Amino acid sequence: MRLLAVAATAAAILGCAVEEGASEPPAAPSTDAAVAGGARFVDVTAETGLDFVHATGSAGTFPMPAIMGGGVAAFDADGDGLLDLYFPNAGSEIAGEPGRNRFYLQRPRGRFVDATAASGLDNPGYGMGAAVGDVDNDGDLDLYVTNFGADVLYRNEGGGRFVDASEELAVATPGWSTSAVFFDADLDGWLDLYVTRYVQWHEARECQVQGGRVDYCGPQQFEGEADVFYGNEGGRRFVDRSRTAGVSLIEDAGLGVVAADLDEDGLPDIYVANDADPNQLWMNRGGGVFEDDAVLLGAAYNRFGVGEAGMGMALGDIDGDRDVDLFLSHLIEETNTLYVNLGGPPGATDGFEDRAAEAGLAAPSTPYTGFGTAFFDADNDGDLDLAVVNGAVKQRPETLSGRDDWFWRGYAEPNVLMLGDGAGVFADAGAASGDFGTELDVSRGLVPFDLEGDGDLDLLVSNLEGPARVYLNETITGLGDARPGAAGWVRARVVDPDLRRTALGASVVAWVDGQPVRRLVLPLGGYLTGGEAPLHIGLGDATAVERFEVTWPGGTLETFDGAASGSEVTLLRGEGR
């Protein structure tokens with residue numbers, strides 16, 4: 001296993017600055033291939049009918065929960081095959097006035113209607129984020145809402161109607177919850193739940209920045225909170241197993257979380273992004289027990305052994321070597337971090353190494369504070385690209401927004417789009433990406449999704465004290481005849497029919513022109529977001545996927561026939577070879 005340098009680890013544990021003389025990260029290699037053709041996204045929010053505006057009710061009063069919320073969930077709530085949207089809002093005495101959570105059904109494709117009143121989803125708490133999963137294996141998706149205060153689990157009753165089952169299922173997590181994720185930790189067929197919690201904030205604490213100006217507090221001013229792990233008992237109830245699992249032993253400021261099999265042993269692991277604390281990599285040892293190996297495996301700190309302000313996370317094979325790499329978004333003047341997977345023998349891993357600079361992801365991130373992030377194929381060329389949505393947590397040294405009458409203009413920042421070359425190097429395409437890279441908001445949640453069903457991925461962004469935005473992907477249509485065949489794509493659902501749901505945590509290798517393209521069956525989006533687990537494969541100039549290889553949770557491998565470009569297929573467990 002790869003160990004961090006002793007000196008760097010010690011410095012990080014003690015909270016020391018980087019030693020004088022520490023080498024600077026190498027400059028990223030230049031690449032023109034990654035931006036050939038560019039990528040373009042256009043704001044079509046008005047045309048979709050989406051009218052959600054997040055409201056904290058806190059302008060000028062600086063309650064810390066107000067600057068950290070703003071998540072979103074995108075999932076098929078009523079079983080009609082179209083993605084619906086749910087937005088947590090700020091609704092408690094902290095906000096001064098209640099902010100109503102909103103639920104939108106998509107009817108017809110590409111148009112949203114407010115269906116909150118009849119849905120049962122008007123969360124009474126101070127909403128932060130959401131997670132989506134079928135907790136009772138009845139074939140529809142349930143919704144878990146994280147709050148500042150008790151969380152809520154809404155059971156899907158069908159037809160876009162939900163009931164609050166938090167007390168019945170024993171998951172009304174107290175404290176300040178942030179991100180959450182459903183996954184099958186013990187492979188018993190029932191989705192378990194991991195909830196990250198932030199800090200023990202109290203309103204009486206006032207924080208000041210240089211010059212004595214009051215602003216939002218940072219996590220260092222408060223004690224952290226331990227995360228919570230719930231085991232699912234046959235869909236009837238959840239049991240808090242945090243202590244026996246080992247996750248209650250650490251009280252850090254948790255923000256982002258993902259679940260994936262990172263050491264290829266068949267068991268899903270948990271990676272947690274902590275704010276100003278070392279990250280955690282909970283390796284699944286079986287029997288409901290986890291061990292934090294983040295330091296041993298090089299995923300706790302950046303390349304200098306320093307803990308950063310981890311917020312959003314993205315997972316994917318960015319360099320074509322068929323293992324899972326990790327990306328974290330961070331605070332202004334910090335570099336976002338790319339933990340490249342060093343591989344290893346079957347059932348193990350040699351760990352991770354911070355290669356953000358070599359990948360071209362370090363310098364473009366330093367002017368901004370990143371939150372939601374996702375690896376996705378923006379231009380259907382088969383390579384993973386990266387989107388990061390930004391928004392400051394303290395007023396910026398210079399204001400970027402021209403809206404003089406808007407209190408939040410001092411926190412607004414542009415988003416960033418980085419196009420990958422398939423070998424692990426990215427080029428900044430933000431300024432040329434249309435409205436996505438030029439509009440200024442205080443952004444938090446990000447979900448790639450196909451609004452029109454036309455085979456390219458659009459972007460949904462949730463913003464603090466501003467409208468949620470839908471960005472339509474016009475990359476392929478904008479290419480004209482310059483790259484014939486560039487619109488190739490295949491979409492797949494990966495389903496376990498015995499469980500009546502998507503096989504979360506499965507891994508798929510699609511063979512395209514004799515080359516393997518690996519994708520994970522996981523929700524896209526990495527901060528306070530929940531959603532479906534789409535499998536979108538860009539084909540570039542190819543005309544088909546030759547075959548699919550699916551590794552199911554637990555490690556069983558099946559091979560399925562391929563599919564022509566433009567196909568939507570379902571891969572059913574037990575029906576392959």
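Count residues from 1 along the sequence. Nothing here was measured: the structure is a model prediction, and the numbers come from that model. Just the heavy atoms: all of them, side chains too, but no hydrogens, waters or symmetry mates, feed the values below.
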- Task: Return the orientation label for the Phe436 and Phe41 ring planes: parallel under 30°, perpendicular over 60°, tilted otherwise.
- Result: tilted

- Would you confirm whether Thr48, through its side chain, and Gly110, through its main-chain N or O, come within 3.5 Å as a donor-acceptor pair? no

- Kindly check if the number of other-residue, nucleotide or ligand heavy atoms within 6.0 Å of CD (Glu167) is above 12? no

- Might you point out which heavy atoms bring Val447 and Ala74 nearest each other, and give the distance in Å? CG1-CB, 4.0 Å

- Query: Does any N or O in the side chain of Arg161 come within less than 3.5 Å of the main-chain N or O of Asp78, such that one atom is a donor and the other an acceptor?
  - Reply: no

- Just by modelled atom types, is the Ala172 backbone N or O under 3.5 Å from a matching donor or acceptor in the Ser166 side chain? no

- Query: When rounded to the nearest 0.5 angstrom, what is the spacing between CD in Glu465 and CZ in Phe407?
  - Reply: 9.0 Å

- Hey, what's the ring geometry for Trp408 with Tyr216, parallel, tilted or perpendicular (30° and 60° as the breaks)? parallel

- Query: Do Val171 and Asp151 come close enough that some side-chain heavy atom pair is under 4.5 Å?
  - Reply: no

- Message: What's the separation between atom CE in Met128 and atom CG in Asn147, rounded to the nearest 0.5 Å?
- Response: 9.0 Å

- Query: Do you know the tightest heavy-atom contact between Leu524 and Pro534?
  - Reply: CD1-CG, 4.1 Å

- Item | Side-chain H-bond candidate by donor/acceptor type, Tyr471 with Glu439, under 3.5 Å | yes

- Query: Is the closest basic N to carboxylate O distance between Lys394 and Asp215 below 4.0 Å?
  - Reply: no

- For Thr196 and Ser179, test the side chains for any donor-to-acceptor distance below 3.5 angstrom and give the result as yes or no. no

- Measuring from Leu472:CG to Thr45:OG1, what's the distance to the nearest 0.5 Å? 10.0 Å

- For residues Phe103 and Leu105, determine if any side-chain heavy atom of one lies less than 4.5 Å from a side-chain heavy atom of the other. yes

- By side-chain hydrogen bond (donor to acceptor under 3.5 Å, both in side chains) - contacts of Trp190 (at least two apart): none

- Query: Are the side chains of Leu451 and Phe112 in touch, meaning some heavy atoms are under 4.5 Å apart?
  - Reply: yes

- Message: My understanding is that only residues two or more places apart in sequence, or in another chain, count here; which of them pass side-chain hydrogen bond (donor to acceptor under 3.5 Å, both in side chains) with Trp282?
- Response: Tyr194, Gln280

- Message: Please check this pair: side chain of Asn284 against backbone of Pro268, looking for a donor-acceptor N/O pair closer than 3.5 Å.
- Response: yes

- Message: Could you tell me if Trp176 and Glu225 have a donor-acceptor pair between their side chains, going purely by distance under 3.5 Å?
- Response: no

- Message: Run the side chain to side chain contact (heavy atoms under 4.5 Å, CB included) test on Leu535 and Val521 for me, step by step, so that the C-alpha distance in whole Å, both residues' side-chain angles and the decisive distance to 0.1 Å come before the verdict.
- Response: CA-CA 6 Å; Leu535 203 70; Val521 184; 4.3 Å; yes

- Considering all heavy atoms, the nearest Ser401-Ala412 contact: CB-CB, 4.1 Å

- Message: A side-chain contact here means heavy atoms from C-beta on lying under 4.5 Å apart; do Thr146 and Thr178 qualify?
- Response: no

- Those residues that, when tested against Gln221, pass side-chain hydrogen bond (donor to acceptor under 3.5 Å, both in side chains) (two or more places apart): none

- Task: Side-chain contact test, heavy atoms from C-beta onward, threshold under 4.5 Å: evaluate it for Leu255 versus Tyr527 and give yes or no.
- Result: yes

- Give, for atom CG of Asp261 and atom CG of Leu520, the distance between the pair rounded to the nearest 0.5 Å. 9.5 Å

- Kindly indicate whether the side chain of Asn336, heavy atoms from C-beta on, has any atom under 4.5 Å from the side chain of Leu328. no

- Message: Between the side chains of Arg155 and Asp138, is the shortest nitrogen-to-carboxylate-oxygen separation below 4.0 Å, so that they form an ion pair?
- Response: no

- Query: Are Tyr230 and Thr173 linked by a side-chain donor-acceptor pair shorter than 3.5 Å?
  - Reply: yes

- Test side chain to side chain contact (heavy atoms under 4.5 Å, CB included) on Asp142 and Asp134 and set out the steps. CA-CA 5 Å; Asp142 309 298; Asp134 185 357; 3.7 Å; yes

- Message: Quick check: do Asn89 and Asn101 have side-chain heavy atoms less than 4.5 Å from each other?
- Response: yes

- Item | Shortest non-hydrogen contact from Asn390 toward Gly370 | OD1-CA, 3.2 Å

- Within the distance-only criterion (no hydrogens, no angle test), does the side chain of Asp385 pair as donor or acceptor with the backbone N or O of Ala378 below 3.5 angstrom? yes

- Query: Do any N or O atoms from the side chain of Asp269 and from the backbone of Leu262 form a donor-acceptor pair under 3.5 angstrom?
  - Reply: yes

- Query: Can you check side chain to side chain contact (heavy atoms under 4.5 Å, CB included) on Tyr86 and Val145, steps first, answer last?
  - Reply: CA-CA 10 Å; Tyr86 182 77; Val145 180; 3.6 Å; yes

- Have Asn463 and Ser443 got a donor and an acceptor in their side chains that come within less than 3.5 Å? yes

- Message: Looking at Leu281, is its backbone amide N or carbonyl O close enough to the side chain of Asp292 to form a donor-acceptor pair, meaning the two atoms are under 3.5 Å apart?
- Response: yes

- Query: In this structure, are over 12 heavy atoms from other groups packed under 6.0 Å from Gln200 atom CD?
  - Reply: yes

- Query: Which heavy-atom pair separates Leu121 from Tyr154 by the least distance, and what is that distance?
  - Reply: CD2-CG, 3.4 Å

- Task: Give the minimum heavy-atom separation between Glu532 and Asp76, together with the two atoms involved.
- Result: OE2-N, 2.7 Å

- What distance separates Leu460 CG from Arg469 CZ, expressed to the nearest 0.5 Å? 12.0 Å

- Parallel, tilted or perpendicular, as decided by the 30° and 60° cut-offs, for the rings of Phe182 and Phe238: tilted

- Please tell me if the side chains of Arg519 and Phe376 come closer than 4.5 Å, counting only heavy atoms from C-beta onward. no

- Query: Hey, mind stepping through Phe371 and Leu446 against side chain to side chain contact (heavy atoms under 4.5 Å, CB included) and telling me if it holds?
  - Reply: CA-CA 8 Å; Phe371 279 88; Leu446 167 71; over 6 Å; no

- Task: Test Asn415 against Tyr368 for side chain to side chain donor-acceptor pair (under 3.5 Å), laying out the working first.
- Result: CA-CA 9 Å; Asn415 302 318; Tyr368 310 121; over 6 Å; no

- Note on the structure: Distance col, row Leu528:CG vs Arg444:CZ, nearest 0.5 angstrom, shows 9.0 Å

- Item | Backbone of Leu457 reached by a side-chain donor or acceptor of Asn473 within 3.5 Å | yes

- Examine distances only and state if a side-chain atom of Asn137 and a backbone atom of Gly235 form a donor-acceptor pair shorter than 3.5 Å. no

- Message: As a quick check of understanding, evaluate salt bridge (Lys or Arg N to Asp or Glu O under 4.0 Å) for Asp450 and Arg491, giving each step before the final call.
- Response: CA-CA 10 Å; Asp450 188 352; Arg491 181 181 295 114; 2.3 Å; yes

- Query: Do Arg102 and Phe87 meet the cation-pi criteria used here (NZ or CZ under 6.0 Å from the six-membered ring centre, within 45° of the axis)?
  - Reply: no

- Item | Flag, side chain of Gln106 to backbone of Leu83, donor-acceptor distance under 3.5 Å | yes

- Query: Is it the case that more than 12 heavy atoms not belonging to Arg403 sit under 6.0 Å from its CZ atom?
  - Reply: yes

- Message: Counting only heavy atoms not in Arg493 (residues, nucleotides, ligands), do more than 12 fall under 6.0 Å from its CZ?
- Response: no

- Message: Angle between ring planes, Phe52 versus His54, binned at 30° and 60°: parallel, tilted or perpendicular?
- Response: perpendicular

